[in-house]
Chemist: 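Okay, here's the structure, questions in a sec.
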Amino acid sequence: MQQIGKKYNYTGLEFVLSDVKKDKLFSGKIDMVITLHACDTATDYALNFAIQNKAKYIFSVPCCQHEINLSINKGGELDIMLKDGIIKERFCALLTDEFRAQILRAFGYSVDMIEFVDFAHSPKNIMIRAKQTISKFNTKIFEKLQNYIKNYNFSQKLYDLTKNF
Ligand SMILES: C[S@@+](CC[C@H](N)C(=O)[O-])C[C@H]1O[C@@H](n2cnc3c(N)ncnc32)[C@H](O)[C@@H]1O
């Protein structure tokens with residue numbers, strides 16, 4: 001892969017094979033974090049890396065959001081959304097991505113969610129687009145997320161990774 005950088009004269013470009021869940025990814029200043037279809041909680045680890053390193057920009061396209069789907073076991077007022085497997089799966093995937101957006105907002109990012117390619121190309125086509133705008137932490141957002149987790153009884157990795165930051 002290093003050959004690609006050389007071929008196009010990108011002298012500062014380096015490819016490193018790492019496990020986002022446990023390896024030290026980079027120790028310099030981080031301007032931007034991009035993820036494309038990083039499986040399940042791998043997206044959460046990458047977003048956590050971006051938050052901890054105060055990356056100015058984040059472009060993240062999540063994929064395979066299984067965590068909430070596997071852990072949620074009561075639906076409260078939204079229990080009908082958990083009755084049928086395919087609906088539950090999609091509902092939990094959307095809940096996962098909105099959780100991620102909310103956590104980024106709690107850390108001072110302005111966030112929008114966009115469809116970055118047509119559904120015909122990939123059903124996993126929601127991009128979380130974020131820019132760090134304020135440095136103040138918003139505890140109210142976290143309290144609200146904590147209530148969701150308590151009331152609906154599920155786990156969400158980015159929440160777990162950032163709740164004590
Ligand atoms: C669905 S593929 C997407 C590949 C490519 N980004 C794309 O969109 O075509 C998921 C990728 O996430 C990577 N991945 C999953 N868990 C990871 C982890 N813990 N650390 C680093 N990469 C991970 C896999 O190696 C795989 O390349």
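Quick note: residue numbers are just sequence positions, from 1. As the structure lists them, so they are numbered: ligands from 1, and atoms in each ligand from 1.
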Chemist: Take atom 16 (N) of ligand 1 and look for protein heavy atoms under 4.0 Å from it; say yes if you find one, no if not.
Modeler: yes

Chemist: Using the rule salt bridge (Lys or Arg N to Asp or Glu O under 4.0 Å), only one of R100, K157, K21 pairs with D44; which is it?
Modeler: R100

Chemist: Can you find a protein heavy atom under 4.0 Å from atom 2 (S) of ligand 1?
Modeler: yes

Chemist: Report the member of D40, T41, V20 with the shortest heavy-atom distance to atom 20 (N) of ligand 1.
Modeler: V20

Chemist: If you take the nearest heavy atom of each of A42, S18, C64, which one is closest to atom 21 (C) of ligand 1?
Modeler: S18

Chemist: Could you check atom 11 (C) of ligand 1 against the protein and tell me its nearest heavy-atom contact, residue, atom and distance included?
Modeler: H37 O, 3.9 Å

Chemist: Can you list the atoms of ligand 1 that are under 4.0 Å from a heavy atom of K21?
Modeler: 19 (N)

Chemist: Decide yes or no on salt bridge (Lys or Arg N to Asp or Glu O under 4.0 Å) for K150 and E143, but give the supporting numbers first.
Modeler: CA-CA 10 Å; K150 215 167 78 191; E143 280 162 20; over 6 Å; no

Chemist: Evaluate the side-chain proximity of T96 to E67: yes if any heavy-atom separation is below 4.5 Å, no if none is.
Modeler: no

Chemist: When you measure from atom 27 (O) of ligand 1 to the protein, is at least one non-hydrogen atom found at a distance under 4.0 Å?
Modeler: no

Chemist: Can you find a heavy atom in the side chain of Q65 that is under 4.5 Å from one in the side chain of D97?
Modeler: yes

Chemist: In terms of side-chain heavy atoms, does Q52 have a donor or acceptor partner in N48 at a distance below 3.5 Å?
Modeler: yes

Chemist: Could you state the interatomic distance from CG (L95) to CD (Q156), rounded to the nearest 0.5 Å?
Modeler: 8.0 Å

Chemist: Using ring centroids (six-membered ring only for Trp), state whether F154 and F99 fall under 6.0 Å.
Modeler: yes

Chemist: Only heavy atoms count here, so choose which of D19, L17, I34, V61 is nearest to atom 19 (N) of ligand 1.
Modeler: D19

Chemist: Students should be able to answer this: which protein heavy-atom is nearest to atom 4 (C) of ligand 1, and at what distance?
Modeler: L36 O, 4.3 Å

Chemist: In the protein, what heavy atom is nearest to atom 24 (C) of ligand 1, and what distance, to one decimal place, separates them?
Modeler: C39 SG, 4.5 Å

